[in-house]
Amino acid sequence: MDMKQRIADLAAEMLHTAFPEAENLPDDLAALLEVPPDPALGDYAFPCFKLSRALRMGPPAIAQKMAAADAHPEVARVECVGGYLNFFFNRENFARELLSAILADPEKWGAGDEGSGKTVCMDYSSINIAKRFHLGHLSTTVIGNSLKRIYDFRGWKTVSINHLGDWGTQFGKMICAYKKWGDKEKVEQGGVDEMTRLYVRFNKEAAENPALEDEGRAWFKRIEDGDPEALEIFQWFKEVTLRDAMKVYDVLDVHFDSYAGESFYADKTGRVVQELQDKGLLKDSDGAKIVDLEAYGMPPCLILKSDGATLYHTRDIAAAIYRKETYHFDQSLYIVAYQQDLHFKQLFKVLELMGYDWAKDQCKHVSFGMVSYEGQAMATRSGHVVLLDELLTRAQEKALDIINEKSPNLENKEEVARQVGVGAVVYATLQNNRIKDIDFWWDRALNFDGETGPYVQYTHARCGSVLRKAPDELPSPNYAALTDDEAQALLRLLSRFPETVQEAALRNEPSMVTRATTEIAKAYNKYYYEHRILDEDAAATAARIDLTKACKQVIKTGLYLIGVHAPERM
Ligand code: ARG
């Protein structure tokens with residue numbers, strides 16, 4: 001039940017009754033509706049200013065005439081204030097209709113079908129092989145995961161892609177170092193740390209003995225040429241890296257449809273270079289090949305190094321074209337930190353210059369800010385690295401401490417601690433507009449009272465506890481019990497939830513869902529403190545139980561959409 005549309009229809013009916021002869025009136029009145037800043041001014045306000053010209057009349061007079069034509073008090077009551085028509089829902093009917101609509105198919109509240117028949121590719125997480133999975137990859141992973149869930153919910157076919165950073169001469173060096181000084185057991189045990197150690201040693205020794213560089217390059221050449229031994233070691237490095245990453249993905253409940261990374265495109269870059277050449281876009285620059293982007297105010301896009309090696313950009317061009325040809329996407333999103341803004345601007349421009357018109361409006365860089373940890377920037381160079389698996393483990397331990405203190409008798413404490421700890425981290429990451437930098441603090445993220453994941457989860461569990469206490473048999477609900485301001489405020493938030501989810505997909509902004517869900521939790525708690533939910537009046541109780549059920553499910557959906565579990569008890 002879309003109240004906005006109901007009010008728009010009502011406004012349209014009033015408009016045509018008041019001005020039967022008028023022409024050139026706007027069709028889409030819903031687009032004109034506003035939400036008044038103060039609920040005392042109504043649920044929706046219709047501004048008459050834009051009608052003034054077509055009707056040759058001042059906005060206040062239009063408002064008066066339209067108000068006189070209202071024939072549906074069961075939908076809303078109308079008041080004129082200046083050039084505005086303020087609509088006040090009929091509270092009892094609103095409660096009845098909204099709750100019936102939500103409870104008819106509770107899990108679908110917020111779902112939509114504007115994406116049906118459409119495909120969106122999403123490139124996120126995209127970790128680098130032989131590098132630690134650190135806090136720097138947290139945002140891309142959880143924003144991407146949330147967007148996947150939101151787009152799925154709005155009917156899109158989603159293709160989630162982990163564009164692994166698994167190509168470059170460093171892998172030749174790493175293999176070379178492994179062959180010289182490595183140990184199979186140690187790599188199996190030490191994983192990425194051991195690979196890093198080998199790589200560091202390689203660079204150190206190569207500084208003394210430059211011939212090593214050639215050996216490293218030769219090993220990379222062997223990977224490029226498909227030499228079985230080189231490929232086997234390289235493949236194994238990848239597996240070891242992914243094995244660690246998988247632990248993080250499992251805890252976060254993140255899944256990918258494809259792990260085609262940079263190496264996957266190695267044999268597809270030849271075509272790109274040829275095509276750039278044929279289209280007259282390739283230029284020489286000190287032996288390297290570039291696409292000149294000066295005319296667009298950007299530095300050149302590097303395509304081939306002077307030794308003929310491809311670059312990050314080259315592989316991204318190949319990947320973009322491959323994704324278009326394979327998935328026929330309607331949108332292709334790159335969820336990558338803002339440091340790569342220029343990279344993607346150049347990428348999309350080169351694709352456009354190649355004649356791929358879709359690059360312009362279908363490819364989007366969904367960028368986001370930096371994450372720092374308790375006031376300290378996260379930089380590998382300063383040696384201050386917060387590893388994601390350690391962070392998530394810490395989160396679970398801390399959550400367990402809190403649960404032990406607050407609910408010592410809870411069953412499955414470990415499980416709940418996992419959901420709460422991880423939820424706190426994910427929620428904190430998706431709390432504010434993605435472009436804002438995040439500073440992560442434990443006491444903030446795990447506070448059960450503030451605007452946090454645990455707070456919202458706790459509200460969900462509270463709804464569950466109310467429902468468990470409700471009598472089994474209840475008469476049919478009396479929705480007149482839900483006409484108070486607190487219930488209505490909550491109902492309004494529930495009714496707007498679907499619009500918010502749609503908007504979140506449109507703007508690629510999961511924080512809109514986080515905020516809407518938090519607002520619902522807050523409104524429920526306010527209601528809970530000010531009203532008795534279970535009381536003698538069984539029909540009133542039944543109505544409040546309906547409200548609680550709807551609220552519980554919408555909170556659960558909201559949390560799901562940002563990638564957070566909703567425990568039944570906490
Ligand atoms: N691996 C890169 C990094 O960690 C991110 C890759 C993003 N995706 C892309 N298609 N360029 O910085």
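Given the structure is predicted, the values throughout are model-derived calculations rather than measurements. All ligand and atom numbering here is 1-based and tracks the order in the structure.
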Subject >> Mutual orientation of the aromatic rings belonging to Tyr356 and Trp358 [parallel < 30°, tilted 30-60°, perpendicular > 60°] >> reply: tilted
Is the closest heavy atom of [X] to ligand 1 under 4.0 Å?
X: Tyr124; result: no
X: Glu262; result: no
X: His137; result: yes

**OP:** Take atom CD of Glu107 as the centre, draw a 6.0 Å sphere, and report whether it contains more than 12 heavy atoms from other residues, nucleotides or ligands.
**Re:** no
Original post:
Given Pro510, which of Leu147, Asn145, Leu561 fulfils the side-chain contact (heavy atoms from CB on, under 4.5 Å) condition?
Top reply: Leu147
**OP:** Could you point out which residue of His343, His365, Lys364, Lys360 forms a side-chain contact (heavy atoms from CB on, under 4.5 Å) with Phe348?
**Re:** His365
Original post:
Within 45° of the six-membered ring axis of Phe202 and under 6.0 Å from that ring's centre, is NZ or CZ of Lys173 located there?
Top reply: no
**OP:** Measure from NZ or CZ of Lys268 to the centre of the six-membered ring of Tyr322 and say whether it is under 6.0 Å with the direction within 45° of the ring axis.
**Re:** yes
Subject >> Asp316 N/O under 3.5 Å from ligand 1 N/O >> reply: yes
Original post:
What about Ser126: any of its N or O atoms under 3.5 Å from an N or O on ligand 1?
Top reply: yes
Out of all atoms in ligand 1, which are within 4.0 Å of some heavy atom of [X]? Include the element for each.
X: Asp123; result: 7 (C), 8 (N), 9 (C), 10 (N)
X: Tyr334; result: 10 (N)
X: Val336; result: 7 (C)

**OP:** Would you tell me which option among Gln339, His313, Gln340 has the nearest heavy-atom contact to atom 12 (O) of ligand 1?
**Re:** Gln340
Subject >> Residue portion contacting ligand 1 (non-hydrogen atoms closer than 4.0 Å) for Leu164 >> reply: neither
Original post:
Where on Phe344 is there a heavy atom closer than 4.0 Å to ligand 1, on the side chain, on the backbone, on both, or on neither?
Top reply: side chain
**OP:** Verify the ring-centre separation between Tyr259 and Phe264: is it less than 6.0 angstrom?
**Re:** no
Original post:
So, do Phe153 and Trp109 have ring centers that fall under 6.0 Å from each other?
Top reply: no
**OP:** Identify the protein heavy atom lying closest to atom 6 (C) of ligand 1, giving its residue, its atom name and the separation to 0.1 Å.
**Re:** Tyr312 OH, 3.3 Å
